[in-house]
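Order of the sequence lines fixes the chain letters, A, B, ..., with proteins taken first and strands second; residue numbering starts at 1 for each chain.
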Amino acid sequence: MTHQLEIRNLHATVGDTEILKGINLIVPRGELHAIMGPNGNGKSTLAKVIVGDPEYTVTQGEVLVDGQNILEMEPDERARLGVFLAFQYPVEIPGVTIANFLRLAMQARKAEGEEVSFTEFYGKLQSALKTLEWDESIVERYLNAGFSGGEKKRNEILQMLMLEPNYIIMDETDSGLDVDALKIVARGVNSMRGPSLGGLIITHYQRLLDYIVPDKVHIIVNGKVVQTGGPELAKKLDSEGYDWVKELATA
Amino acid sequence: MTINPEVNEINKEYEYGWSNPERYAVKAPKGLRRDVVEMISRAKDEPQWMLDFRLKALDIFYSKPMPTWGADLSGLNLDEIYYYIKPEGANARSWDDVPDDVKQTFERLGIPEAERAALAGVGAQYESEMVYHNLKEEWEKLGVVFLSIEDGLKEYPELFREHFATIVPPEDNKFAAINSAVWSGGSFVYVPKGVKVDIPLQTYFRINAESSGQFERTLIIIDEGAQAHYIEGCTAPAYSSDSFHSGVIEIVVKEGARFRYSTIQNWSHNVYNLVTQRAAVYAGGVMEWVDGNLGSKVTMKYPACYLLEEGARGEVLSIAMAGRGQHQDAGAKIVHFAPNTSGTIVSKSISKDSGRSSYRGLVKIYEGARGSQTNVECDALLLDDEARTDTYPYIEIEEKDARVGHEATVSKINDEQILYLQSRGLSEDEAAGLIVRGFIEPIAKELPLEYAVELNRLIELEMEGSVG
């Protein structure tokens with residue numbers, strides 16, 4: 001089995017509008033790739049399609065997780081295969097504590113008849129909270145309810161640390177974060193990096209990539225990958241802007 | 001015990017729909033008639049004043065029209081109901097003395113087990129009579145009284161008569177009149193001054209026979225500075241013909257006392273559940289109703305707090321869930337008679353399929369009840385496009401120096417919430433269930449743990465297959 005996230009000629013529409021127009025990408029485990037590009041060109045759509053948002057219709061192509069096409073699967077089946085999306089706008093679920101939610105989400109990954117043990121849960125939680133510099137009392141709060149933008153993003157990373165996915169997709173996790181929060185989020189992600197973790201870091205700006213250094217950078221314009229390079233590509237975008245890549249897309 | 005296959009379809013999520021063969025000591029003929037009322041009174045060997053009370057109530061019943069507001073009651077044929085069914089065996093203090101099939105019923109409902117684990121006392125009513133009533137010795141020694149209502153009348157005639165029907169008189173409404181005429185079963189509770197019963201008392205109501213009515217009458221007196229918590233549960237077999245439950249609950253919360261009455265109503269979907277529950281609250285006393293309405297075909301129930309003296313406080317927390325063919329017309333009443341009294345109403349409803357939930361509530365502040373206030377919050381959650389919810393808030397304020405706050409929200413489970421939870425590995429059903437559990441959490445957390453778990457479990461059962 002090939003341990004990689006592979007996207008083959010992916011086309012997707014919302015309503016009548018085609019947004020993804022043939023994306024091709026391979027992210028092996030052990031690598032984090034940045035996805036950059038101007039707003040409104042399909043970066044977040046790619047994230048939503050991988051996670052299985054029913055708002056989007058895939059018209060062509062495949063998404064293979066460790067060789068298995070996931071496009072016919074429910075979002076929860078994809079999650080259980082180890083795909084995790086850190087949402088750009090995490091929703092609020094009033095009345096459900098983070099602790100309860102995390103336990104249920106961990107339980108959902110267990111085989112029938114297996115229980116999440118208290119020591120497993122609590123041990124992981126302690127270590128995750130420490131990485132994120134968060135007090136334990138946070139887990140008694142309701143899921144994202146009344147959270148600031150920064151708290152919501154940090155909560156995404158908490159879930160990521162607890163659920164130990166194989167592939168992470170971070171959808172503009174840096175938007176709306178100040179530098180301190182950015183560092184904390186990056187520390188969380190970096191603590192998970194290793195040979196078993198692959199993923200996509202979707203961002204408009206270079207600054208998150210100062211803290212999470214990507215193995216590769218892909219630029220998406222008008223629903224297609226128009227350029228791929230190393231971390232230096234992100235720096236180039238930062239200094240020169242996106243105008244030159246837009247030209248690539250029309251070329 | 002038999003399953004009733006013809007109604008399995010409408011009650012397929014309902015797990016208490018089995019019934020026992022009918023074997024009864026007394027089964028009165030159908031219909032609400034003078035001879036039936038007399039028969040009940042005779043069977044209970046009552047004093048003359050009670051028979052007179054019943055017969056007067058029967059006249060009041062005849063004189064009052066059926067209510068035309070609230071839920072649709074046109075399917076309820078009062079002539080087709082059995083008003084009194086006395087099961088075999090007497091009101092026992094030991095489960096060993098309860099007839100086998102009845103005992104098995106309550107065992108299946110988990111009552112004796114709960115009693116051993118976590119309750120101060122338990123009562124069990126089967127059809128029209130209490131078949132079991134017992135209070136743990138430690139509470140009896142402190143002077144707590146927990147009896148069937150009939151034994152309360154026999155053993156504490158003065159205390160009984162001082163309070164009986166003073167809070168809900170038969171004139172109050174047509175169903176209070178029915179209950180007053182044919183009442184049978186229910187609890188009589190007295191907690192003496194300063195005694196704090198810190199684990200709950202529970203009574204469980206089971207209807208077994210087809211087309212039958214249950215008309216329990218409960219009278220609870222919490223003396224000065226005392227505290228207690230009483231829990232009521234109920235189920236019935238699933239029949240294709242309708243059954244009728246119309247209880248009257250009267251509560252006296254004296255000065256500085258504190259009392260909570262919790263209900264988890266889970267009647268089968270062929271029961272008309274028309275109940276009058278009211279508490280009179282004296283100086284500095286606190287009354288809390290925690291009301292969960294999950295079952296029944298139609299429920300009309302508005303737990304009330306009459307705040308009679310300064311500093312009295314009343315709270316009503318209610319949850320209603322209405323599925324296909326159900327109408328939960330539930331709410332609350334807070335009436336301020338005295339200065340500096342306060343109230344809170346939190347009502348949450350969940351509707352799905354063609355189910356309908358209505359919040360109907362009255363807040364009334366009489367002139368002179370200065371400095372009083374009540375806050376009302378009602379939130380409705382709709383699970384699909386067929387479901388319906390309405391809000392009928394009645395607010396009557398005669399006092400200038402008083403405040404009433406009212407907030408209402410209607411929401412739908414949104415797709416983004418479902419996707420978010422699914423993306424973490426929960427199935428679509430689990431996701432919807434979790435959102436609903438979160439919605440009712442502010443009320444579920446007020447229940448003892450076992451009951452909160454039971455409430456969540458029942459809601460999950462009702463939710464199965466309700467999304468997607």
Side-chain angles (χ1 to χ4, degrees), chain A residues 47-56 70 73-98 100-110 116 140-145 152 155-156 158-160 162-169 171, chain B residues 292 317-319 321 346-350 377-384 407 409-447 449 452-453 455-457 459-460 463 465 467-468:
Chain A
K48 297 278 180 61
V49 168
I50 294 172
V51 85
D53 187 335
E55 286 285 300
Y56 298 87
I70 61 169
M73 294 180 184
E74 286 290 311
D76 50 307
E77 293 174 81
R78 303 178 191 203
R80 290 194 294 266
L81 276 185
V83 176
F84 183 98
L85 171 64
F87 282 77
Q88 186 177 3
Y89 303 107
V91 295
E92 304 194 1
I93 317 275
V96 176
T97 63
I98 293 178
N100 185 23
F101 169 62
L102 287 173
R103 207 182 41 75
L104 288 171
M106 282 172 74
Q107 186 62 49
R109 282 160 176 71
K110 294 279 180 186
V116 178
E140 291 309 318
R141 285 178 63 185
Y142 295 145
L143 189 53
N144 295 326
K152 284 182 182 171
N155 190 20
E156 294 295 284
L158 172 65
Q159 294 170 43
M160 192 186 277
M162 293 296 283
L163 298 176
E164 298 183 320
N166 301 323
Y167 298 99
I168 59 174
I169 296 141
D171 189 5
Chain B
L317 308 178
S318 68
I319 298 171
M321 176 140 187
V346 179
S347 160
K348 298 209 169 234
S349 70
I350 302 155
E377 182 193 327
C378 38
D379 302 316
L381 183 66
L382 299 173
L383 298 191
D384 52 57
E407 266 181 73
T409 66
V410 177
S411 52
K412 282 189 160 189
I413 286 196
N414 76 49
D415 296 342
E416 282 177 41
Q417 289 177 315
I418 298 276
L419 176 69
Y420 187 73
L421 297 176
Q422 270 194 291
S423 80
R424 302 305 186 240
L426 274 58
S427 71
E428 193 173 7
D429 275 351
E430 287 169 337
L434 190 62
I435 293 164
V436 169
R437 254 160 42 209
F439 175 74
I440 63 163
E441 162 70 13
I443 291 170
K445 74 176 188 210
E446 295 299 322
L447 289 167
L449 183 64
V453 169
L455 183 71
N456 280 327
R457 197 182 64 80
I459 286 176
E460 260 160 43
M463 290 277 302
V467 288

Got a second to check how far [X]'s [atom1] is from [Y]'s [atom2], nearest 0.5 Å?
X        : Y        : atom1 : atom2 : value
A/Ile93  : B/Asn414 : CD1   : CG    : 7.5 Å
B/Gln417 : A/Leu143 : CD    : CG    : 9.5 Å
A/Leu85  : B/Tyr420 : CG    : OH    : 9.5 Å
B/Ser427 : A/Arg80  : OG    : CZ    : 7.0 Å

Search all heavy atoms of [X] against all heavy atoms of [Y] and return the closest pair with its distance.
X        : Y        : answer
B/Ser423 : A/Ala79  : O-CB, 3.2 Å
B/Leu419 : A/Pro54  : CD1-CD, 4.2 Å
B/Gly425 : A/Ala108 : O-CB, 3.2 Å
B/Leu426 : A/Ala105 : CD1-CA, 3.8 Å

Pick one of side chain, backbone, both or neither for [X], based on which atoms fall under 4.5 Å of a heavy atom in chain B.
X        : answer
A/Gln107 : neither
A/Pro90  : both
A/Tyr142 : side chain

Counting only heavy atoms not in A/Tyr56 (residues, nucleotides, ligands), do more than 12 fall under 6.0 Å from its OH?
yes
Heavy-atom count check: over 12 atoms from other residues, nucleotides or ligands less than 6.0 Å from B/Glu416 CD?
no
Among A/Asn100, A/Thr97, A/Leu104, A/Val51, which has the most heavy-atom pairs under 4.5 Å with chain B?
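Between A/Asn100, A/Thr97, A/Leu104, A/Val51, the count favours A/Leu104.
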Between the main-chain N or O of B/Arg424 and the side-chain N or O of A/Arg109, is there a donor-acceptor pair closer than 3.5 Å?
yes
